[in-house]
Amino acid sequence: MLLRMSTLFVRTLRDDPADAEVPSHRLLVRAGYVRRVAPGIFSWLPLGYLVYRNIERIVREEMDAAGFQEVHFPALLPREPYDRSNRWEEYGDNLFRLKDRKDGDYLLGPTHEEMFTLMVKGEYSSYKDLPLVIYQIQTKYRDEARPRAGILRGREFVMKDSYSFDVDDTGLERSYLRHRDAYITCFDRLGLDYVIVSAQSGAMGGSQSEEFLAPTEYGEDTYVRCTACDYAANVEAVVSPPMPAQDASSLPPAVVHDTPDTPTIATLVDVSNEREDIRRADRAWTAADTLKNVVFMATYPDGTSEPLAVGVPGDREVDVKRIEAALHPAVLRPFEEGDFPKYPALVKGYIGPGALGGEGNIRYLVDPRVAEGTAWITGANEKGRHVYGLVRGRDFDVDGQIEAVEIIAGDPCPRCGATVEIARGIEIGHIFQLGRKYAEALGLTVLDENGKQVTVTMGSYGLGVSRAVAAIAEQHCDDKGLVWPREVAPADVHIVATGKEDAPFETAEELARSLNEAGVRVLIDDRRGASPGVKFKDAELIGIPTIVVVGKRLADGVVELRDRVTGESADVPVSEIAGRLIDLCRA
RNA sequence: CGGGGUGUAGCACAGUUGGUAGCGCGCCUGCUUUGGGAGCAGGAGGCCGCUGGUUCGAGUCCAGUCACCCCGACCA
């Protein structure tokens, strides 16, 4: 491959685009790799498409090497299969829906579980045919409420999605691990730094699920990692270490105080410390002494709903996503003003355990931090009144424990007890054991060795191909521009010819030709009019890993070999440069 | 969906009390220049997001509307 800057369809930008915030987006636009067409929808220019195709090729090679077989579905799909899995409804506004001329409903596939399931159903009917893994590399469509960060989160994107089909759980486990290994090989080859975190499988159902996250401050997934051991998990999946029950036998009895105008934790703490009759002798009250009770309306899949109260220490925030993960498939919404009249026991701002838990009352769950035997300041269920020293187990009971607080840096690691930190990452892969949800909905069964119909169990494995372009860019860039790992780079070598004489251009051309013949991918900057500064800046922005400058040093018989990653440069005799580069690119 | 912001040339931006639309980069022509985004001269390029209003006159003021960006909610 031999590209020429003189004719390459690219225009680099000197200024940062105003609408690009994250580095990958900014640089991919500036270096002329992609252009925005509509929110979350991008076009690929030649340089960008070269990188995209390299990544796609690597992914395909690794999937094939793992023994998975490639198929291809349409992106434009009929409604019917999605009705059967109920996802025509479940997917909500995120689904791109359209009508054909006969007013039939169609959609642009956001993911293809249904289609894969039906394809296997159409072909196979015996346990002898399994296990099977098939995959595709396909454009997906999701009408995201807010696309962002360039191609990191678009409404149109390319994903490699595979699906495994097994007769039993052992087989599913095996297929899952095959994918896990294949993803590890694949992401290593792509030059991505990543962590594998355990994750909730969310609305997809299923049990085991892990995400591959590429750590970067601009990632949109928050995860937790231990500062001591190698524990890492999605925040939804973090479990708090068990809190031992406290001995409450020596604690004073609970007292109710009038605490007017203290509807928030902050005002409650302030008032408690100001008042002579409430103030503590040994230390000041803090938010951590208070028990905050937050009420939600939980709706279950059968359509019924009920209020649900969650208790957390007052110095902590509740994390609705973690609660939902624990209550799946129920969904929560905050209690609204209009809900209060229906539950007169609940006094807004002064809700306490007295009105919660137990028979006939509102279901009451507490975070593990509200341990058995601990004492709290909390609402007395009357406007302007709080109760002090209310002890769990002595003065109130709960209906259960739930992971409810927002995990913050410094919380204990569930594995080793050291502290965790919060980090951000880009979800580049997600593998999970789906189970039988789709097979059941769509009737995918096979005959087992006893001639009995058994429902097939499935796994689903996604890898963002277009997103990987941005994730790699995010992890491989500096203040000058992009710095691609060799295998995904648009070329191996960027030859820059400078000067007004013909000699450097002729030498550069000759070098480009011989490299090209040797299978080295070359981009040559053969522009006669452009000044050396422009060419150097462009080379650094475009980010091909090796840069060769053929210029004024040619008079001494040498060219300059620059490493884009380290920034180091070395003079190399013209006679040796081709050999050096060929070795470098084959290494 | 809530909060904030922005719409003026391909890109990045300025535009005062309302008075014929500007700068830089990029692009075209010529000359000079050639190791870190060159210089000079001459050019091309605009539905000032859209609609309505006020006014002799609107990029500018008023009302409405649309779009886009950022933060949050949401996100198999």
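In what follows, every chain begins at residue 1, and chains take the letters A, B, ... in the order their sequences are listed. This structure is a prediction, so every number in the text was calculated from the model and none was measured.
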Checklist entry - Where the side chain of A:K500 is concerned, which of B:C11, B:U34, B:C75 is the nearest nucleotide? => result B:U34

Checklist entry - Base, sugar-phosphate, or nothing for A:E114, non-hydrogen atoms under 4.0 angstrom? => result nothing

Checklist entry - Of the nucleotides B:C11, B:G35, B:C68, which one has an atom closest to the side chain of A:T498? => result B:G35

Checklist entry - Does a side-chain heavy-atom distance below 4.5 Å link A:R553 with A:V559? => result no

Next on the checklist: Work out how far the P atom of B:A63 is from that of B:U54, and round it to whole angstrom.
Outcome noted: 15 Å

Next on the checklist: Closest approach to the side chain of A:R11, judged atom by atom: which nucleotide of B:G72, B:A38, B:C27 is it?
Outcome noted: B:C27

Next on the checklist: By nearest atom, which of the nucleotides B:A38, B:G72, B:C11 is closest to the A:R146 side chain?
Outcome noted: B:G72

Checklist entry - If you find the nucleotide of RNA chain B closest to A:L463 and the one closest to A:R30, which residue's nucleotide is nearer the 5' end? => result A:R30

Item to check | Rounded distance in Å between the C1' positions of B:G45 and B:U6 | outcome: 24 Å

Checklist entry - Does B:C61 pair with anything, Watson-Crick or G-U wobble, both distances under 3.5 Å, and if so, with which nucleotide? => result B:G53

Next on the checklist: Using a heavy-atom cut-off of 4.0 Å across all strands, would you classify A:R26 as base, sugar-phosphate, or nothing?
Outcome noted: nothing

Item to check | Selected nucleotide, minimal atom distance to A:P17 side chain, candidates B:C75, B:U34, B:A12 | outcome: B:A12

Next on the checklist: What contact category does A:D538 fall into here, base, sugar-phosphate, or nothing, at under 4.0 angstrom with non-hydrogen atoms?
Outcome noted: base

Checklist entry - Over how many whole Å does the gap from A:E317 atom CD to B:A73 atom P extend? => result 12 Å

Item to check | Gap between atoms CG and P, on A:D525 and B:U34 respectively (whole Å) | outcome: 18 Å

Next on the checklist: Cation-pi check for A:Y106 against A:R97: NZ or CZ below 6.0 Å from the six-membered ring centre and within 45 degrees of the axis, yes or no?
Outcome noted: no

Checklist entry - Does the side chain of A:Y141 pick up a donor-acceptor pair with the side chain of A:E156 at under 3.5 Å? => result yes

Next on the checklist: If you define the side chain from C-beta out and look only at heavy atoms, does anything of A:E114 sit under 4.5 Å from A:Y438?
Outcome noted: yes

Next on the checklist: I need the CG-P distance between A:D16 and B:C70, as an integer number of Å.
Outcome noted: 14 Å

Checklist entry - Any side-chain heavy atom of A:R564 sitting closer than 4.5 Å to one from A:W484? => result no

Checklist entry - Over how many whole Å does the gap from A:K535 atom NZ to B:U33 atom P extend? => result 16 Å

Checklist entry - According to the Watson-Crick and G-U wobble definitions, with both distances under 3.5 Å, which nucleotide is paired to B:C23? => result none

Checklist entry - Do A:R527 and A:D538 meet the salt-bridge criterion of a basic N to acidic O distance under 4.0 Å? => result yes

Checklist entry - Can you tell me how far C1' in B:G35 sits from the matching atom in B:A67, rounded to whole Å? => result 45 Å

Next on the checklist: As a test of reading the structure: which of B:G35, B:G36, B:C11 is closest to the side chain of A:D15, going by heavy atoms?
Outcome noted: B:C11

Checklist entry - With a non-hydrogen cut-off below 4.0 angstrom, is A:R36 in contact with a base, only sugar-phosphate, or nothing? => result sugar-phosphate

Item to check | Pairwise P distance, B:G3 and B:G46 [rounded to whole Å] | outcome: 39 Å

Item to check | B:A67 pairs with, by Watson-Crick or G-U criteria that keep both distances under 3.5 Å | outcome: B:U6

Item to check | Atom-to-atom span, CZ of A:R148 to P of B:C70 - whole angstrom | outcome: 8 Å

Item to check | Integer-rounded Å distance: B:C1 C1' and A:N94 CG | outcome: 13 Å

Item to check | Integer angstrom distance from the P of B:U55 to that of B:G18 | outcome: 16 Å

Checklist entry - Hey, does A:Y461 have a side-chain heavy atom less than 4.5 Å from the side chain of A:K160? => result yes

Checklist entry - Among the nucleotides B:G35, B:A12, B:C75, which one has an atom lying closest to any side-chain atom of A:F536? => result B:G35

Checklist entry - Does any nucleotide pair with B:A38 by Watson-Crick or G-U wobble geometry, both distances under 3.5 Å, and what is it? => result B:U32

Next on the checklist: Could you tell me how far apart A:F96 (CZ) and B:C75 (C1') are, to the nearest whole angstrom?
Outcome noted: 14 Å

Next on the checklist: Taking the P atom in each of B:G53 and B:U60, what is the distance between them to the nearest angstrom?
Outcome noted: 14 Å

Checklist entry - Checking all strands, does A:E560 fall into the base, sugar-phosphate, or nothing category for heavy-atom contacts under 4.0 angstrom? => result base

Item to check | Minimum-distance nucleotide (side-chain atoms of A:A145 versus B:G35, B:A73, B:C68) | outcome: B:A73

Checklist entry - On a whole-Å scale, what distance lies between the P atoms belonging to B:C13 and B:U17? => result 23 Å

Checklist entry - Has A:R562 got its NZ or CZ under 6.0 Å from the middle of the six-membered ring of A:F536, at an angle within 45 degrees of the ring axis? => result yes

Item to check | Mate of B:C1 where both pairing distances stay under 3.5 Å, Watson-Crick or G-U | outcome: B:G72

Checklist entry - If only side-chain N and O atoms of A:S531 are considered, is one of them under 4.0 Å from the OP1 or OP2 phosphate oxygen of B:A38? => result yes

Item to check | Gap in Å between the two P atoms, one belonging to B:A58 and one to B:C68, rounded | outcome: 29 Å

Item to check | Closest-nucleotide 5' rank along RNA chain B - winner of A:A18 and A:F157 | outcome: A:A18

Next on the checklist: Mind checking if A:A20 touches a base, just sugar-phosphate, or nothing, with heavy atoms under 4.0 Å?
Outcome noted: nothing

Checklist outcome for this item: note: A:I41, atom CD1; B:C68, atom P; distance rounded to Å ~ 10 Å

